[in-house]
Undergrad: 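So that we are looking at the same thing, I have put the structure below in structure tokens.
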Amino acid sequence: MALKAVHVSDVPSLDQVPESPVLSLSSPRLPNGAEIGRKAERFLVIGHRGKGMNALASQDRRLKAVKENSILSFNMAGRFPIDFVEFDVQVTRDDCPILFHDDFILTEENNHTSEKRVTDLTLEEFLSYGPQREPGKIGKPLFRKTKDGRVFKWNVELDDSFCTLAETFQKVDSHLGFNIELKFDDNIIYSEDHLTHVLQVILRVVFQFAGDRPIIFSSFQPDAAQIIRKLQNVYPVFFLTNGGTQTYTDVRRNSLEEALNLCLSNGLQGIVSEVRAIFRNPTIVPRIKESNLTLLTYGQLNNVPEAVYMQHLMGVNGVIVDLVQEITEAVLDFSNSLDEVKEKEKGETRPNFSQRELAFLLKLIPELIQQ
């Protein structure tokens, strides 16, 4: 078993974490809820915000290679053997679904940094930030605040304009599935009417442009996940959770147990968990699978091939990753190795680790889940 190892010191220190079924991929369109329990044909790799999030404070150039949540990033990610791209959708004040991760957008005016809530902007105001499509037009300079309050100019090697959800459907290669994260502010208590309105606006665009493209909806907002499941039954809905790695006032967000209960009580089809929560509570994995739910993970550990391989052995269905090239290569490598083992051992699916690999894994996982 030859994995392409990434040293622990090379693991990106991500400042912001996303905030992305048992799937049958024999059909170009994702199955509906009744079919979602069928066994996945392959381990899924999903590009996080396209070809990876932008971690502006990181020394890793790969995390500043291309603008996240952009059409350019999605199509670049699609050059690799991934199944979906994950991205964040919010709705502007004038009811247009747009792609942007953060709750606030920052610029510099008169030598002072100013910030505005994204959902308070009109579409025209939102698109006025950053690179402009119109030749000769200069957009507002774009900045970003990290979790610790530092502000960085949003510089990447390959920049791109902001885009709407409709444009994304029209301009991204149709073979790529979309994991659409329904993005809401953790610090706001939303009314059911507001959530319903926002989700209906998003659904109108999805149903107009999706065609046969595979779609997954996901959200950290428990009520939003429940409502979009009630509003439609065409596309699967997954609940996003930190799995207890962070604590929230809404207890439904604070453990994998709560996530499982939420899914079973509301007919959701899957869970997307922070990967450390899975390693801390591995016994939850068979329970999730026995409940006919899909399990995906996200987080910085998913940029480590060995950690991804461990999840595959545990029964996780797929991973959301930043280092798309490295992880797709690793998944192809271990998938081929598993095929060889099956041939040699007539159905035995657990490959043999070398002593070096065992030592690495036993050292790696406990160290990183504590970060």
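Please read all numbers here as calculations on a predicted model, not as lab measurements. Sequential numbering from 1 along the given sequence is applied to the chain's residues. Reckoned from all heavy atoms, side chains included, excluding hydrogens, waters and symmetry mates.
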Undergrad: Atom CZ of R253 and atom CD of Q246: how far apart are they, to the nearest 0.5 Å?
TA: 8.0 Å
Undergrad: Would L231 and F209 show up in the same hydrophobic cluster when neighbours are defined by side-chain heavy atoms closer than 4.5 Å?
TA: yes
Undergrad: Look only at the side chain of N266 and the backbone of Q226, and say whether a donor-acceptor pair between them is shorter than 3.5 Å.
TA: no
Undergrad: Could you walk me through whether S58 and D60 satisfy the side chain to side chain donor-acceptor pair (under 3.5 Å) test, starting with their C-alpha distance in whole Å, then the side-chain angles of each, then the deciding distance to 0.1 Å, before giving a yes or no?
TA: CA-CA 5 Å; S58 173; D60 192 332; 5.3 Å; no
Undergrad: Run L262 and E258 through side-chain contact (heavy atoms from CB on, under 4.5 Å) and show every step you take.
TA: CA-CA 6 Å; L262 182 78; E258 289 289 348; over 6 Å; no
Undergrad: Let's go through L106 and R144 carefully: what are the C-alpha distance in whole Å and the side-chain angles of both, what is the deciding distance for side-chain contact (heavy atoms from CB on, under 4.5 Å) to 0.1 Å, and is it a yes or a no?
TA: CA-CA 6 Å; L106 280 70; R144 190 176 211 177; over 6 Å; no
Undergrad: Going only through I, L, V, M, F, W and Y residues with side-chain contacts under 4.5 Å, is there a path from V91 to I227?
TA: yes
Undergrad: Would you give the length of the straight line joining atom CD of Q90 to atom SG of C96, rounded to the nearest 0.5 angstrom?
TA: 12.5 Å
Undergrad: Could you report the tightest heavy-atom contact between R93 and D120, atom names first, then the distance?
TA: NE-O, 2.9 Å
Undergrad: Find out whether I202 and L165 are in side-chain contact, i.e. whether some heavy atom of one side chain is under 4.5 Å from a heavy atom of the other.
TA: yes
Undergrad: Using a 3.5 Å distance criterion without hydrogens, assess whether the side chain of E134 forms a donor-acceptor pair with backbone atoms of K137.
TA: no
Undergrad: So is R213 actually on top of F169's ring, under 6.0 Å and inside 45° of the axis?
TA: no
Undergrad: In Å, rounded to the nearest 0.5 Å, how long is the span from NE2 of H48 to CD of E86?
TA: 4.5 Å
Undergrad: So does K116 pair up with E125, basic N to acidic O under 4.0 Å?
TA: no
Undergrad: Can you tell if the side chain of D185 reaches within under 4.5 Å of the side chain of R117, non-hydrogen atoms only?
TA: yes
Undergrad: Would you indicate whether the side-chain heavy atoms of V201 and H197 approach each other to under 4.5 Å?
TA: yes
Undergrad: Start with the C-alpha distance between N242 and Y298, add both sets of side-chain angles, then the distance that settles side chain to side chain donor-acceptor pair (under 3.5 Å), and finish with yes or no.
TA: CA-CA 9 Å; N242 294 104; Y298 71 88; 2.9 Å; yes
Undergrad: With no hydrogens and no angle check, is any side-chain donor or acceptor of S73 less than 3.5 Å from a backbone partner on N69?
TA: no
Undergrad: Indicate if L268 and L195 have the same hydrophobic cluster label, given that clusters are the connected sets of ILVMFWY residues with side-chain heavy-atom separations under 4.5 angstrom.
TA: yes
Undergrad: Side chains of S291 and L264, heavy atoms from C-beta outward: is any pair under 4.5 Å?
TA: yes
Undergrad: So V118 and I98, do their side chains get closer than 4.5 Å, heavy atoms only?
TA: yes
Undergrad: From D322 CG over to R49 CZ, what is the distance, rounded to the nearest 0.5 angstrom?
TA: 7.5 Å
Undergrad: Applying side chain to side chain donor-acceptor pair (under 3.5 Å) as the test, list every pair that has at least one member in residues 105-114; sequence neighbours left out.
TA: E109-S114
Undergrad: Specify whether F217 and Y235 have parallel, tilted or perpendicular ring planes, treating 30° as the upper limit for parallel and 60° as the lower limit for perpendicular.
TA: perpendicular
Undergrad: Determine, stepwise, if the pair V198 / Y190 fulfils side-chain contact (heavy atoms from CB on, under 4.5 Å).
TA: CA-CA 11 Å; V198 168; Y190 295 94; over 6 Å; no
Undergrad: F239 and S219: which non-hydrogen atoms are nearest, and at how many Å?
TA: CD1-O, 3.3 Å
Undergrad: For F87 and F178: C-alpha separation, side-chain torsions, deciding distance, then whether ring-ring contact (aromatic ring centres under 6.0 Å, His included) applies.
TA: CA-CA 8 Å; F87 53 79; F178 285 173; 5.0 Å; yes
Undergrad: Does E274 pair with R280 as a salt bridge, N-O distance under 4.0 Å?
TA: no
Undergrad: Decide yes or no on side-chain contact (heavy atoms from CB on, under 4.5 Å) for N317 and L295, but give the supporting numbers first.
TA: CA-CA 5 Å; N317 296 108; L295 177 60; 4.2 Å; yes
Undergrad: Can you list the steps and then say if D193 with S191 is a side chain to side chain donor-acceptor pair (under 3.5 Å)?
TA: CA-CA 5 Å; D193 286 347; S191 69; 5.5 Å; no
Undergrad: About how many Å separate CD1 of I228 and CG of L199, when rounded to the nearest 0.5 Å?
TA: 5.0 Å
Undergrad: Could you check if a side-chain atom of K51 sits within less than 4.5 angstrom of a side-chain atom of R62, using non-hydrogen atoms only?
TA: no
Undergrad: Can any side-chain N or O of N54 pair as donor or acceptor with the backbone N or O of E68 at less than 3.5 Å?
TA: yes
Undergrad: In terms of relative ring orientation, are F334 and Y309 parallel, tilted or perpendicular, with 30° and 60° separating the classes?
TA: tilted
Undergrad: With a 4.0 Å cut-off, would you call K67 and D159 a salt bridge?
TA: yes
Undergrad: Partners of N302 by side-chain hydrogen bond (donor to acceptor under 3.5 Å, both in side chains), sequence neighbours excluded?
TA: T297, Q311
Undergrad: Could you tell me whether E157 atom CD has more than 12 heavy atoms of other residues or ligands within 6.0 Å of it?
TA: yes
Undergrad: D102 and F100: which non-hydrogen atoms are nearest, and at how many Å?
TA: O-CD2, 3.2 Å
Undergrad: Please answer: with hydrophobic residues joined when any side-chain heavy atoms are less than 4.5 Å apart, are V66 and F84 in the same cluster?
TA: no
Undergrad: Quick one: pull up NZ in K145 and CG in D148 and give me the separation to the nearest 0.5 Å.
TA: 10.5 Å
Undergrad: By the rule that ILVMFWY residues connect when side-chain heavy atoms come within less than 4.5 angstrom, directly or transitively, which residues belong alongside I189?
TA: none
